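Accompanying notes for the structure given below.
Given the structure is predicted, the values throughout are model-derived calculations rather than measurements.
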Amino acid sequence: MNILGIDIGGTKIKSAIVDTDSGSIVSEIYKVETPSNSRPKYIIPILENILNHFKNDLIFQMIGIGFPASIVKHQIISINNLSLKWIGKPITAYLKDKLNIQCHVINDADAAGLAEITFGEESCKSGNVIFLTLGSGIGSALFFNGMISPNTEFGALKINNRIADDWVSNNARVTENLSWQEYGNRLNIYLNHIKELLSPDQIILGGGVSNELPKFIDYLPQDLNIRAAFRKNGNGIIGAALAVDIQHAQYKKQIVEDTGIEPATF
Ligand code: BGC
């Protein structure tokens, strides 16, 4: 199915039409700067603008959104890179109401990880796999044998008295003007900590900096199996679209189970 996926980040809001059967992006990637004032009232018009931009491609009236916050039972419970005004919002219902379209919202890193587990290398479908997005903050998704444990916040770990989100993100690299070696050394400390805690079989890196992995991989723990996400920073868009597709399929299955009627369309 061709579905619009939107990846809301602290720096950019990226969107594209995704073929959720093949996991490929089938339109241009439309990017808009995240406004410095990221209260809901400034983000909603951007989302409306995205819907308008893709209006001719919206064959299915539903969208998937990756959102940079902890979302428990559809509610935002904590947020670091966008306005605190989002906290407490029943995010899926709220955006559905504001945008007037069926939508599903999940944590941005969970979305990116979901794309990897579904469309990435076969090897990530088993074992203990950690997907990290290195962008404005650090996002994380944890999988065991392909099943997600949602809403992990490994960016909230403290290293040398600093929150990893502020110390190891791509933002930290840019704002502190770190060389690739300095950045790699920080990431090395962080990944060793993750290794101690979780003994991962594989660590997959996404987010803005994953395109540059060859420049710093030599500084990272050599005993860890580390690689870049299959679609790098595009994983988030793909996973957002995939999440709404999965949600819709479950909803449809439930209706068929409850009523015994196979609906023509939903
Ligand atoms: C947020 C996470 C998010 C990550 C990446 C962190 O600051 O707490 O929920 O996944 O940034 O955007």
Side-chain angles (χ1 to χ4, degrees), residues 1-9 11-34 43-68 92 95-96 98-125 131 133-135 139 141 143 146 148 204-213 227-253 263-266:
M1 271 167 117
N2 280 7
I3 294 181
L4 177 61
I6 304 177
D7 183 11
I8 302 183
T11 320
K12 291 218 165 57
I13 300 179
K14 303 185 289 297
S15 51
I17 302 290
V18 175
D19 172 357
T20 54
D21 296 318
S22 66
S24 41
I25 291 178
V26 294
S27 67
E28 103 266 33
I29 297 182
Y30 182 54
K31 291 185 194 168
V32 181
E33 300 282 321
T34 308
I43 298 285
I44 300 293
I46 294 178
L47 298 178
E48 284 168 341
N49 164 274
I50 291 173
L51 283 176
N52 192 41
H53 181 84
F54 285 107
K55 64 177 184 295
N56 296 331
D57 304 297
L58 283 176
I59 304 168
F60 297 99
Q61 289 300 308
M62 56 186 180
I63 57 172
I65 299 179
F67 199 90
T92 297
L95 291 182
K96 184 177 165 195
K98 293 283 177 200
L99 303 173
N100 201 19
I101 191 163
Q102 193 66 38
C103 65
H104 186 55
V105 187
I106 67 168
N107 172 268
D108 57 347
D110 282 349
L114 186 64
E116 189 72 27
I117 290 289
T118 313
F119 301 112
E121 277 182 22
E122 217 32 52
S123 65
C124 71
K125 296 184 173 115
F131 189 97
T133 60
L134 307 171
F143 296 88
I148 192 166
I204 303 170
L205 301 180
V209 87
S210 57
N211 286 314
E212 313 286 355
L213 185 59
R227 64 180 171 81
F230 85 103
R231 188 58 211 249
K232 313 275 188 337
N233 206 14
N235 266 51
I237 300 175
I238 299 171
L242 185 62
V244 72
D245 192 3
I246 294 171
Q247 166 88 3
H248 180 255
Q250 283 167 352
Y251 167 72
K252 195 170 156 183
K253 186 167 163 256
T265 50
F266 280 100

Taking all atoms of both residues into account, what is the closest heavy-atom pair of [X] and [Y], and its distance?
X      : Y     : answer
Cys103 : Lys96 : SG-N, 3.7 Å
Val244 : Gly64 : CG1-N, 3.7 Å
Gly234 : Ile25 : O-CD1, 4.2 Å
Ala240 : Gly66 : CB-N, 3.6 Å

For the [atom1] atom of [X] and the [atom2] atom of [Y], what is their distance to the nearest 0.5 Å?
X     : Y      : atom1 : atom2 : value
Ile3  : Ile238 : CD1   : CD1   : 13.0 Å
Leu99 : Ile65  : CG    : CD1   : 6.0 Å
Ile17 : Leu4   : CD1   : CG    : 4.5 Å

State which residues pass side chain to side chain donor-acceptor pair (under 3.5 Å) with [X]; sequence neighbours excluded, sorted by chain then number.
X      : result
Ser27  : none
Glu212 : Lys215
Thr34  : none
Thr20  : Asp245

* To do: Decide yes or no for Ile237 and Ser15: does some side-chain heavy atom of the first lie under 4.5 Å from some side-chain heavy atom of the second?
  => no
* Who passes ring pair (Phe, Tyr, Trp, His ring centres under 6.0 Å) against Phe143, sequence neighbours left out? -> none
* Steps toward side chain to side chain contact (heavy atoms under 4.5 Å, CB included) verdict (Ile44, Leu95) -> CA-CA 8 Å; Ile44 300 293; Leu95 291 182; 3.5 Å; yes
* So, Asp21 side chain and Met1 main chain: donor-acceptor pair closer than 3.5 Å or not? -> yes
* With sequence neighbours excluded, residues passing side chain to side chain contact (heavy atoms under 4.5 Å, CB included) with Gln250 -> Ile246, Gln247
* Structure fact -> The salt bridge (charged side-chain N to carboxylate O under 4.0 Å, His left out) partners of Lys12 (sequence neighbours excluded) come to Glu33
Show which side-chain atoms of residues 106-123 pair as donor or acceptor with protein atoms under 3.5 Å away, not counting sequence neighbours.
from: Asn107; atom 1: OD1; to: Ala109; atom 2: N; distance (Å): 2.9
from: Asn107; atom 1: OD1; to: Asp110; atom 2: N; distance (Å): 3.0
from: Asn107; atom 1: ND2; to: Ala69; atom 2: O; distance (Å): 2.8
from: Asp110; atom 1: OD2; to: Asn151; atom 2: N; distance (Å): 2.9
from: Glu116; atom 1: OE1; to: Phe230; atom 2: N; distance (Å): 2.9
from: Glu116; atom 1: OE1; to: Asn235; atom 2: ND2; distance (Å): 3.0
from: Glu116; atom 1: OE2; to: Arg227; atom 2: NH1; distance (Å): 3.1
from: Glu116; atom 1: OE2; to: Phe230; atom 2: N; distance (Å): 3.4
from: Thr118; atom 1: OG1; to: Leu114; atom 2: O; distance (Å): 2.6
from: Glu122; atom 1: OE1; to: Lys125; atom 2: NZ; distance (Å): 3.3
from: Ser123; atom 1: OG; to: Gln202; atom 2: NE2; distance (Å): 3.1

Tabulate below the donor-acceptor pairs under 3.5 Å that side-chain atoms of residues 46-63 make, not counting sequence neighbours, or state none.
from: Asn49; atom 1: OD1; to: Tyr30; atom 2: OH; distance (Å): 2.8
from: His53; atom 1: NE2; to: Glu28; atom 2: OE2; distance (Å): 2.7
from: Gln61; atom 1: NE2; to: Leu58; atom 2: O; distance (Å): 3.0

